Amino acid sequence: MSWLSKVRNSLGGLTKRDTPDNLWTKCPGCGEMLFTREFEDNLSVCPRCQFHGRIGAQARFDQLLDAGYAVLPAARVPENPLNFRDSKKYSDRLKIARAANPFPDALTNALGTVEGRKVVLGVQDFAFMGGSMGMAVGEAFVEAVERAIAEDCGYVICTAAGGARMQEGILSLMQMPKATVAIRRLARAGLPYIVVLTDPTTGGVTASYAMLGDVQIAEPGALIGFAGQRVIQDTIREKLPDGFQRAEYLHAHGMVDMVVHRKDLKGTLASLLEYLERKEVA
Amino acid sequence: MISFLEFEKPIAALEARIAELRTTASDSDLDIAGEISRLEKKSAGMLAATYAKLTPWQKTQVARHPQRPHFVDYLRMGFTDFIPLGGDRLYGEDAAIIGGFARLNGRRVMVMGHEKGHDTATRIKHNFGMAKPEGYRKAIRLMEMAGKFGLPVVTLVDTAGAFPGVEAEERGQAEAIARSIEACLAVPVPIVSAIVGEGGSGGAVALAAADRVLMLEHSIYSVISPEGASSILWRTPDKAPDAAEAMKVTAQDLLSLNVIERVVPEPAGGAHRDAPAAAQALFGAIEQELDALSALPAGDLLARREERFLAIGRA
Ligand SMILES: [Zn+2]
């Protein structure tokens with residue numbers, strides 16, 4: 001990606017679809033060349049094979065929340081706490097990711113309504129360093145839950161992550177219990193926590209807040225698991241089963257309540273939130 | 001017979017020389033006896049000096065040393081009246097995590113931890129300390145029981161990570177780990193965890209979301225193995241030593257990051273050179289932590305445990 005197109009993309013979807021290099025999108029599912037505008041107007045789902053494309057926070061908010069939602073302020077955490085560098089400095093990687101993305105880290109939250117029902121909605125964006133969970137994600141999660149408790153509403157999160165952010169070392173691992181503390185507080189307040197597992201959700205994210213929802217929804221075809229497929233293949237040295245770690249496989253094995261097409265997601269969330277609304281004691 | 005690590009080669013050479021002198025020396029040969037004692041002193045000095053400044057990658061080797069004391073060793077040396085408890089009541093029994101009732105210097109506790117095994121047969125039996133969902137679900141069951149009967153929980157962590165396999169995924173490895181973390185946070189009794197060897201990622205924190213987390217001096221605790229980080233971030237398996245350094249995996253690093261409360265000193269040359277001394281230091285430290293925690297009311301205990309984790313990463 002050129003420097004210019006990175007900046008253009010960082011401006012969001014407005015200019016993107018008007019540039020010639022973004023006019024067409026190749027469906028990763030069936031290989032069909034799709035008119036980008038039509039693909040996006042179809043919720044980034046391929047009209048031919050129903051492949052669910054990865055989408056960012058802005059698109060997700062627009063799809064799921066009623067008009068008039070407010071994006072919550074980004075969490076403030078210490079930057080590059082380990083002063084980490086591999087082939088690049090972590091602080092440089094962050095700068096690059098921020099230049100290419102509309103939000104400053106991988107988890108962004110908004111307060112709004114879903115068909116009139118108040119909710120805090122979090123969206124993890126795979127485009128930001130693979131959606132990886134570091135201190136900013138953990139803190140954003142906690143702040144979202146605190147806001148939900150203050151607003152007396154539930155928290156819905158659309159997860160997407162390769163796992164923990166290795167550049168933050170042990171501090172990223174500690175976000176697993178940290179987010180879990182928040183989930184327990186939400187539960188104590190009697191408020192619902194709904195997880196929408198989107199492609200891909202793996203590693204430490206799956207092994208903590210992505211699997212602790214009162215209701216677990218998965219998007220069709222989403223890769224969901226703990227261990228990476230290559231690691232598993234190296235361990236067992238045989239072919240993985242068909243559809244292994246896909247949403248439908250998890251549903252068949254009892255790990256999620258339902259697999260929901262993106263066009264039905266908003267309606268499903270609205271119905272669930274209605275069932276999970278706290279009733280006054282009669 | 002201690003097996004030497006790569007960086008211990010000069011010490012190994014010295015020890016070999018001492019052994020050689022011993023076989024050739026007759027009892028009356030005072031010159032040789034003097035030489036042996038001189039070399040022994042030198043060897044001990046080299047060992048102490050080497051272990052005083054181990055690199056993170058060298059510590060990784062020590063933490064994984066095949067002769068390092070494991071859960072069963074600590075169980076034998078530190079606890080009495082152990083009654084093992086088996087199974088998750090859902091699927092099976094996973095010997096990668098052992099747990100049960102035991103007494104620690106007379107105090108009734110629920111003890112559990114990863115066991116790696118010490119030879120081919122036991123390594124296979126314990127799946128090299130890599131637990132499957134049923135292992136974590138057994139841990140959850142035991143933690144809940146400990147809460148019910150007021151038994152403090154002691155966990156010893158020593159795993160490369162949770163088992164990466166088809167059947168583990170199929171049975172919900174991620175969910176089992178997530179619930180195990182939740183169970184640690186929820187148990188209404190003191191819970192003290194000690195990383196005694198390798199604290200490998202989610203499979204480790206599943207048993208270590210505790211009130212107090214201790215680490216043996218040469219153990220490591222990490223979000224991913226140095227080898228894994230090397231191949232992902234550096235795109236080569238050869239940068240594991242750099243990855244170990246950069247990720248800050250040592251007990252000393254984690255203490256300075258406020259992720260653990262305490263580093264427990266190991267005997268000269270590591271726990272594998274004097275397991276009873278390592279066990280004594282470890283259990284002395286665990287007892288002190290349990291004493292301090294048992295003075296707190298249950299409500300305070302849980303609130304402090306929550307704050308402990310909420311504070312990590314707050315500006
Ligand atoms: Zn398609």
Side-chain angles (χ1 to χ4, degrees), chain A residues 75-78 81-87 134-136 138-139 142 163-178 180-185 202-212 224-228 231-232 234-236 238 240-241 244-245 249-250 253-255, chain B residues 130 161-166 168-182 184-186 199 201-206 208-210 221-224 228-230 232-235 239 242-243 246-249 253-254 257 259-260 302 305-315:
Chain A
R76 290 169 56 154
V77 295
L82 306 186
N83 202 11
F84 189 97
R85 74 172 303 158
D86 42 73
S87 53
M135 299 198 301
E139 186 62 19
V142 171
R165 192 167 299 169
M166 289 169 283
Q167 294 90 343
E168 294 185 16
I170 194 75
L171 295 168
S172 67
L173 191 71
M174 291 300 118
Q175 304 311 308
M176 296 167 70
K178 177 166 170 162
T180 307
V181 167
I183 294 166
R184 284 173 46 75
R185 290 191 168 180
T202 60
V205 169
T206 321
S208 58
Y209 59 82
M211 275 293 161
L212 294 174
I224 304 156
F226 175 64
V231 176
I232 296 171
D234 288 349
T235 313
I236 62 166
E238 55 189 77
L240 297 172
F244 180 62
Q245 291 184 326
Y249 176 95
L250 267 84
H253 286 89
M255 294 302 151
Chain B
M130 294 187 290
F163 183 65
V166 172
E169 295 291 314
E170 204 169 78
R171 296 198 288 274
Q173 184 72 290
E175 196 262 0
I177 292 170
R179 295 279 172 211
S180 188
I181 292 171
E182 192 184 26
C184 289
L185 294 169
S201 193
V205 74
Y221 191 9
S222 178
V223 65
I224 184 172
S230 170
I232 294 171
L233 293 176
W234 280 265
R235 299 184 189 284
K239 292 285 188 181
D242 300 82
M247 285 198 295
K248 306 230 188 302
V249 301
D253 288 330
L254 268 63
L257 290 167
V259 168
I260 63 165
L302 290 172
R305 196 181 302 155
E306 291 195 346
E307 286 304 328
R308 183 189 185 281
F309 289 99
L310 287 178
I312 296 175
R314 286 230 153 127

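Note: hydrogens, waters and symmetry copies are ignored here, and every other heavy atom, side chains too, is used. From a predicted model like this one, the values you see are computed outputs, not experimental measurements.
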> So which of B/L310, B/L257, B/I181, B/L254 has the biggest tally of heavy-atom pairs under 4.5 Å with chain A?
Replying inline: B/L310
> Is it the backbone or the side chain of A/L240 that comes under 4.5 Å from a heavy atom of chain B, or both, or neither?
Replying inline: side chain
> Non-hydrogen atoms of chain B under 4.5 Å away: do they reach the side chain of A/R165, the backbone, both or neither?
Replying inline: neither
> Roughly how far, to the nearest 0.5 Å, is the OG atom of B/S222 from the CE atom of A/M166?
Replying inline: 10.5 Å
> Are any of the side-chain heavy atoms of B/S201 and A/L173 separated by less than 4.5 Å?
Replying inline: yes
>> Below 4.5 Å, heavy-atom pairs only: which of B/P164, B/A176, B/A208, B/G228 has the largest tally toward chain A?
In response: B/P164
>> Between A/Q175 and chain B, with a heavy-atom cut-off of 4.5 Å, which part of the residue counts as in contact: side chain, backbone, both or neither?
In response: side chain
>> As an exercise, state the distance from OG of A/S208 to CZ of B/R179, rounded to the nearest 0.5 Å.
In response: 11.5 Å
> Under a 4.0 Å N-O cut-off, is there an ion pair linking B/E307 with A/K178?
Replying inline: no
> B/E182 versus A/R184: any side-chain heavy-atom pair under 4.5 Å?
Replying inline: yes
>> For B/A186, which atoms come within 4.5 Å of any heavy atom of chain A: side chain, backbone, both, or neither?
In response: both
> Contact part of A/T235 toward chain B, heavy-atom cut-off under 4.5 Å: side chain, backbone, both or neither?
Replying inline: side chain
> So which part of B/L185 gets closer than 4.5 Å to some heavy atom of chain A, the side chain, the backbone, both or neither?
Replying inline: both
>> I'd like to know whether B/E169 forms a side-chain hydrogen bond (donor to acceptor under 3.5 Å, both in side chains) with A/Y249, so could you lay out the CA-CA distance, the side-chain angles of the two residues, the decisive distance to 0.1 Å, and finally the verdict.
In response: CA-CA 10 Å; B/E169 295 291 314; A/Y249 176 95; over 6 Å; no
>> Minimum heavy-atom separation for B/W234 and A/S87, please, with both atom names.
In response: NE1-N, 4.1 Å
> chain A heavy atoms under 4.5 Å from B/V259: which part of the residue, side chain, backbone, both or neither?
Replying inline: side chain
>> Under 4.5 Å from any heavy atom of chain B, what part of A/L82 do you find: side chain, backbone, both or neither?
In response: both
>> Quick check: closest heavy atoms across A/A164 and B/V223, and the distance to 0.1 Å?
In response: CB-CG2, 3.5 Å
>> Among B/I177, B/I224, B/D253, which residue has the highest count of heavy-atom pairs closer than 4.5 Å to chain A?
In response: B/I177
> Quick one: what part of B/L233 sits under 4.5 Å from any heavy atom of chain A, side chain, backbone, both or neither?
Replying inline: both
> Could you give the distance from CE (A/M174) to CD1 (B/I260), rounded to the nearest 0.5 Å?
Replying inline: 10.0 Å
> Which distance, rounded to the nearest 0.5 Å, do you find between the CD of B/E175 and the NE2 of A/H253?
Replying inline: 14.5 Å
> How many angstroms lie between CD in B/Q173 and CE in A/M255, if you round to the nearest 0.5 Å?
Replying inline: 10.0 Å
>> Using the salt bridge (Lys or Arg N to Asp or Glu O under 4.0 Å) criterion, which residues pair with B/D242? Sequence neighbours excluded.
In response: none
> Going by heavy atoms in the side chains, are A/I236 and B/V166 under 4.5 Å from each other?
Replying inline: yes
>> Which heavy atom of A/V181 sits nearest to which heavy atom of B/E306, and what is that distance?
In response: CG1-CB, 3.6 Å
